[in-house]
Structures are given as C-alpha cells and as structure tokens.
S.K.: 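First the structure, which I've put down as structure tokens, then a few questions once you've had a look.
No experiment lies behind these values; they were computed from the predicted model shown. To find a chain, count down the sequence lines: A is the first, B the second, and so on, and within it residues start at 1.
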Protein chains: 2
Amino acid sequence: MKEKEKNNNKDGMEISILNVAEKLFLEKGFNGVSTTQIAKIVGCNQALIHYYYRTKANLFQKVFENKLKYIISLFETIDDKNLSFQERLVIKIKSHFDALSQNPLLPMFILNEIRSNSSTISIIRETFKREAPILINRFEEELKIEINAKRIRNISALDLLMNIISLNIFVFLTRPIMEYVFVIDETKKNEMLENRKQEIVNTILNSLRP
Amino acid sequence: MKEKEKNNNKDGMEISILNVAEKLFLEKGFNGVSTTQIAKIVGCNQALIHYYYRTKANLFQKVFENKLKYIISLFETIDDKNLSFQERLVIKIKSHFDALSQNPLLPMFILNEIRSNSSTISIIRETFKREAPILINRFEEELKIEINAKRIRNISALDLLMNIISLNIFVFLTRPIMEYVFVIDETKKNEMLENRKQEIVNTILNSLRP
DNA sequence: ATTATCTATAGATCTATAGATAATGC
DNA sequence: ATTATCTATAGATCTATAGATAATGC
C-alpha cells in the first residue's frame, strides 16, 4: 500500500491536485508543504502541478479562497423568525461548533495564514472589511432589541461574536495537546466535545443574563 | 540604517543569536525562518549559529523551552488569601491578559508549533501532562468551595480555565485582521484592548453566577 | 592553547520552466 | 491539433560541516 491515492482519476488530475493540496496545506500550512510532496501523493510528477496552477502560491490561494468562502457561509445561516433570540443564538453557537468539528484543522489554518502569508493577508483583510460590518450591524440590531427589553445585559455585537468564536475554536486549536492529555478513545473524545459544546452554550447564555 | 543590529556585542554572539532567533521564530515559526536570515540580522555568518547551537532544531528548542517556561510561570501566581475568590479570579484573568499584551505573538507561536513540529510536540505534551493536573486540581478545590456555598454555578475547573484562556488569547491570535479592520491608531488600539479585557472579566464573572 | 569567527563548499531540497512524448477530440 | 503528462534541468535556497584565521586568556 503506497501513499499514492491515484485520487479518482476520473475527475482528472487538476482536481486531484487541488484536493491533495487542500489536505496538506490544512495540516501543515503553506511553508510546511512542497509541490514535490503534493505530486507524490497525487501520483503525478511535480511539473504537472505547475502546468495547472503555474505557481505554488497560486494553488494555495485557490485552497484558501475556498475555505474562506466556507467560513463566511457559516455566518450566513438563515434565521427562523418564529424562535426567540435566545433559541436562535443557541442554534448558531451549536452549528458553528459542529461545523468546526467537521473541519477541525480550519481555525488553525486560517490563523496561521493571517500571521505569515503577506499575499493572502490582504485578501482576508478586504473580505473582512467588506463582510464583517454587515454581519455585525445586523446582529447589533437584534441585540439592541433584547437589551432594551432588559432580556439580556448590555454588550456589543462585536464582543459577543468574539466571545462565541473564541470559545468555539479553542478545543480545535489545542487538539494535539487536548487529545493526548485528556482523551483516551474516540467515544470519550466525542463525549468530551459534546460536553464542551454544551458548556460553551451555558457560558454564553449565563454571561448574557441582565 | 541596515537591518543588522550588532546586538549588544557585549553579551556575545551566542546570546545575540538566541535573541534574534527568538524574535524571528515568534514572528514566522520554525519553517518560516532560515539560519541564513538569523545570521544576517545578528550580523555574523551563518556557520556561527551552528557552532553554538549545532542544529536549527536545537536552537528552536531553546527558544521554545524558554517560552513554555514563561507561560507556565504565568499560571503560578501567588494568591493573596485575604481576597475573595472572585477578586482573585479577576486578578488572574487580567494579569494573564496583560502578560499576553506584552507578548502578543506568544499564543500563535505555541499553537503553531503544537500543530506542526513533531519534535517539540512531545515536549509540550509531557510538560502539560505533568503540570496541568496539578494546576487543575488546585483550582478545582477552590471552585468546589464556591460551588458548595452557592456563590457560583456548577462548572469544572477545566472548563473555566479553557473559557478564560480562549477569551484572552483571541484578540492576539486575530491581531493582523483586528488591527486592520477596527483599529486606527495606537491610542485607539490600547483603548480597545482595555475594553476587551474588561468585557472578558464581565463575561466570565456573569457566566459564573448561580 | 583555547575559543570565536570566518570562508568555502557538499549535498539536499525546492520551484519553475523548456522541451519531449503520450492521450484525446474532432 | 490540442491538451495532458512526463523527463530533465537551471537556478535558488538552505543546513551542516571542514578547515583556515583571528581574538582571547593564561
């Protein structure tokens, strides 16, 4: 059993390369991966990567943009207007946490690149500068109603958003340690994640009481 | 004005190399820095780095261990037994946040290495496996007293610790974006950090109410 | 004499390109 | 014909070492 995957040759090498690149970049970041490594796992030669994507930075960009789109989509969930603010908030927190559970490497991947990669940083910055205010303003409106009705304490939308994201990403950022120090098997791990998710919901809801 | 620093030649090249290495590794991680770059900034030639530290990994290890020691020291603050649990908790949260303010690159540095560097990961794991239970158990004792006295709600020491660390590290992890999207100048930035610190204290204290 | 620093270089990558060959679509 | 894939290689790193020279401590 070689490392090669001959990744569904059906969809062609172009896609296979992108898939393998995504997997490796998520694990090790831009600097941690070489086009030679990607080629080896894809099962082609290294030149082919440049035939399709010209440069390594270009290929990385493609992967990164896909991930950024995915993250933004996470925050564009449609609200059920029949539910209370609190019920909707719980759904948002849990679905954000669940999305991370299915993409556990994502938070580190994004954070790592906003630190080091000066070519992607401007993309992210612009994306955020464009998207964040819309998201925050919409959330702020909702919050104000609750605050004015004295159903929750006074807090800014940005602070609340940061609280939720902070709490949700943490276990995934520290996974390599957490698993070693606290986790024994897969069942225990899932149990621990469920508990943590519930604890985050409790923390946020309690922290909002007037 | 060259990039060279001729870093206090008094304390000798050995220390200068360590200092420059620390700075660069903190900014860009192990893979993002070459011994050639370090040498250029130190103002010596690249061979000297290997004369003192033999390998790049070795040099990195030295930097990393220092930082890990520093972080552990953050959690070994002496408590003033005249203060209430809540007062002591606030001091802990704030001093942890302040320590990060003075070492803003530290959280990302640590998280990045526990992801990628398989030689350091075992050091960290062992350190945590050794240190974490002591810290957590001590904290758990304190917590139980408060919980039994109904002064705070039921929560595990691990969850509370994770909450605090999560909330505190976030602004530093996302600094490159935050500064661009929300911050105009240095004064505004410090103001924002102060506000965030206070908001974290509020969040934690409120979340603990019975 | 010993320790610190330098020059030079081997050997291992790695990215990107040029040019050859194989596969495919009309 | 056009597109996909390969081989070969240039040129740029980068790490680590060997061996020469300079500085220092007795």
S.K.: Salt bridge or not for A:Lys144 and A:Glu141, using N-O below 4.0 Å?
M.R.: no
S.K.: Is it the case that B:Gln198 and B:Asn202 place a side-chain donor and acceptor less than 3.5 Å from each other?
M.R.: yes
S.K.: In whole angstrom, what separates B:Leu48's CG from C:dT3's C1'?
M.R.: 11 Å
S.K.: Just the rounded figure in Å: distance from C1' of C:dT13 to CG of A:Asn31.
M.R.: 14 Å
S.K.: Would you check if the side chain of A:Lys62 reaches a backbone N or O of A:Ala57 as a donor-acceptor pair within less than 3.5 Å?
M.R.: no
S.K.: Quick check: do B:Ile164 and B:Leu89 have side-chain heavy atoms less than 4.5 Å from each other?
M.R.: yes
S.K.: Before accepting this row, confirm whether a basic side-chain N of the pair B:Lys67/B:Glu22 lies closer than 4.0 Å to the acidic partner's carboxylate O.
M.R.: yes
S.K.: Can you check each nucleotide of nucleotides 21-26 of chain C against protein heavy atoms at under 4.0 Å and return B for base, S for sugar-phosphate only, - for none, in 5' to 3' order?
M.R.: ------
S.K.: Check A:Lys92 with A:Glu142, please: is the shortest side-chain N to carboxylate O separation under 4.0 Å?
M.R.: yes
S.K.: A:Ile49 CD1 to C:dT15 P: how many Å, rounded?
M.R.: 9 Å
S.K.: May I ask you to check whether B:Thr203 and B:Glu199 show a side-chain donor-acceptor distance below 3.5 Å?
M.R.: yes
S.K.: Which atom pairs link the protein and nucleotides 16-19 of chain C when you take only N or O atoms and keep those under 3.5 Å?
M.R.:
unit_1	atom_1	unit_2	atom_2	d
C:dA16	OP2	A:His50	NE2	2.8
C:dA16	OP2	A:Lys56	N	2.8
C:dA16	N7	A:Gln46	NE2	3.1
C:dA16	N6	A:Gln46	OE1	3.0

S.K.: Name the stems with DNA chain C in them: runs of three or more consecutive Watson-Crick or G-U pairs, distances under 3.5 Å?
M.R.: C:1-24 with D:1-24
S.K.: Which whole-number value in Å describes the distance from B:Tyr53 OH to D:dT15 C1'?
M.R.: 17 Å
S.K.: Distance under 6.0 Å and angle within 45° of the ring axis: does A:Lys129 meet both against B:Tyr180?
M.R.: yes
S.K.: On a heavy-atom basis, which atom in A:Leu143 and which in A:Ser156 lie closest, and how many Å separate them?
M.R.: CD1-C, 3.9 Å
S.K.: For the side chain of B:Asn45, counting heavy atoms from C-beta on, which of C:dT7, D:dC6, D:dC14 is nearest?
M.R.: C:dT7
S.K.: Please name the residue in the list B:Phe172, B:Phe25, B:Tyr70, B:Phe60 that meets the ring pair (Phe, Tyr, Trp, His ring centres under 6.0 Å) test with B:Phe109.
M.R.: B:Phe60
S.K.: Would you kindly give the CG-to-P distance between B:Leu59 and D:dC14, to the nearest whole Å?
M.R.: 15 Å
S.K.: Quick test of your reading of the model: are A:Glu27 and A:Lys23 salt-bridged, counting only N-O distances below 4.0 Å?
M.R.: yes
S.K.: Within the structure shown, what part of the strands sits under 4.0 Å from A:Thr36 by heavy-atom distance: base, sugar-phosphate, or nothing?
M.R.: base
